[in-house]
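The structure appears right after this line, and notes come after that.
Nothing here was measured: the structure is a model prediction, and the numbers come from that model. Lettering follows sequence order; numbering is per chain, from 1.
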2 protein chains.
Amino acid sequence: MLDNDLILDKTDLHILRLMQDNARISNADIAREIGMAPSGVLERVKKLEQKGVIMQYTAAINPAALKQNMLAFIAIKANEAPGNIETTKYLAAIPEVQEVHHVAGDDCYLVKIRTYDSASLVGIMRNHLSKISSIVSTRTTIVLETVKEQQQLVIPKA
Amino acid sequence: MLDNDLILDKTDLHILRLMQDNARISNADIAREIGMAPSGVLERVKKLEQKGVIMQYTAAINPAALKQNMLAFIAIKANEAPGNIETTKYLAAIPEVQEVHHVAGDDCYLVKIRTYDSASLVGIMRNHLSKISSIVSTRTTIVLETVKEQQQLVIPKA
DNA sequence: ATTGAAAAACATTCAGA
DNA sequence: TCTGAATGTTTTTCAAT
């Protein structure tokens, strides 16, 4: 999936824009919006899913509603052979870790992690990070307030 | 919305888990899964939306499909009066900026930004960031590879 | 790639418990 | 809160283009 045969036309982009903003929009509504038959829309949506353009439909849940009020970024330095991915595999397997990026520069990895509070963050660092022998050092940045947080992409009109 | 009258019971958490994993699941399927009538599920879902627990339904689109292959984090130092939110307002208004966090420590803000390439990143920094007079300095971290990226929360069973 | 028709499944409302 | 019945709508398939 997601090969070179993915030429997204104006209609595909329109569908993506609608579904990115409201994943629970009905095919019928999409069809009305873009002036196509519902069955045609369904075909296109299925193709977008199957090509890996649409990766998932998800409900964005308010972390505060689940009392998950701690958000932190951890910059991690690791001493491992280039191409070795043991560290990232371990980091990605931690459920509270939302993002793991391999970054350029001094710090090898940047990890985004969401927990209930500072105690549970420390708990994860103790129980998980300290068990990863390749980790040389960590630098934790605590988020005081999140002003904007969205995964939505800028989708061009054409 | 999202007051103190949000006591999420086991059923609510089950619904949230299902919808977080697949926002396009039908009410009927949720009803079957949790052993309730579809109309009852609908009521609960509407209440979760109205209380602000469910913030949005969104399709996660593969950035590569839109040729958006540059991801960067920018740490921004700003000299502004505490409580002044002009800088964050400006940052959040940039469409390519997916996240703006006010963080503890030396760097005041952490911004996540997704663009086509390094040229378009530089373009945004020139056209937007350099116009914000309160910004003292920026430190950009380029993502080489994203290993994990999800906004999904850990939802407890009860 | 798209349509339109047809059947099955679904969403939504509302009275009643 | 929840159910169950009722109605209108949607989804999905498929033959045809």
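In this structure, Glu43(B) places its CD atom 13 Å from C1' of dA11(C), rounding to the nearest Å. Counting to the nearest Å, the P atom of dA11(C) and the CZ atom of Arg44(B) are 17 Å from each other. Distance Lys47(A) NZ to dA1(C) P: 4 Å, rounded to the nearest Å. For the pair Arg24(B) CZ and dC10(C) C1', the computed distance is 13 Å after rounding to whole Å.
Looking at heavy atoms from C-beta onward, Ile61(A) lies in side-chain contact with Ile155(B) at the 4.5 angstrom threshold. Met19(A) is not listed as a side-chain neighbour of Tyr57(B), based on a closest heavy-atom distance of 4.5 Å or more.
Aromatic ring centroids of His102(A) and Tyr109(A) lie under 6.0 Å apart.
For DNA chain D, the contact window with chain B, defined by any atom under 4.0 Å from a protein heavy atom, covers dT1(D) to dG4(D) in 5' to 3' order.
For Arg24(A) (side chain) and Ile25(B) (main-chain N/O), a donor-acceptor pair under 3.5 Å exists by modelled atom type.
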Output a table of donor-acceptor pairs, distance under 3.5 Å, between side-chain atoms of residues 27-44 of chain B and any protein atom two or more places apart or on a different chain; print 'none' if there are none.
from     : atom 1 : to       : atom 2 : distance (Å)
Asp29(B) : OD1    : Arg32(B) : NE     : 3.4
Asp29(B) : OD1    : Arg32(B) : NH2    : 2.7
Arg44(B) : NH1    : Asp9(B)  : OD1    : 3.0
Arg44(B) : NH1    : Asp9(B)  : OD2    : 3.3
Arg44(B) : NH1    : Asp12(B) : OD1    : 2.8
Arg44(B) : NH1    : Asp12(B) : OD2    : 3.4
Arg44(B) : NH2    : Asp9(B)  : OD2    : 3.0

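Residue whose closest nucleotide on DNA chain D sits further toward the 5' end, between Ala28(A) and Val41(B): Val41(B).
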Just the atom pairs and distances: protein N or O near nucleotides 12-17 of chain C's N or O, under 3.5 Å.
from    : atom 1 : to       : atom 2 : distance (Å)
dT13(C) : OP2    : Lys46(B) : NZ     : 3.0

>> Determine whether Glu80(A) and Thr87(A) satisfy the following criterion, side-chain hydrogen bond (donor to acceptor under 3.5 Å, both in side chains), listing intermediate values before the conclusion.
In response: CA-CA 8 Å; Glu80(A) 59 186 357; Thr87(A) 308; 2.6 Å; yes
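Evaluated for a salt bridge (Lys or Arg N to Asp or Glu O under 4.0 Å) with Arg114(A), the options Glu96(A), Glu99(A), Glu149(A) yield exactly one hit, Glu149(A).
Remark: Glu49(A) does not engage Lys46(A) in a salt bridge, criterion side-chain N to carboxylate O under 4.0 Å.
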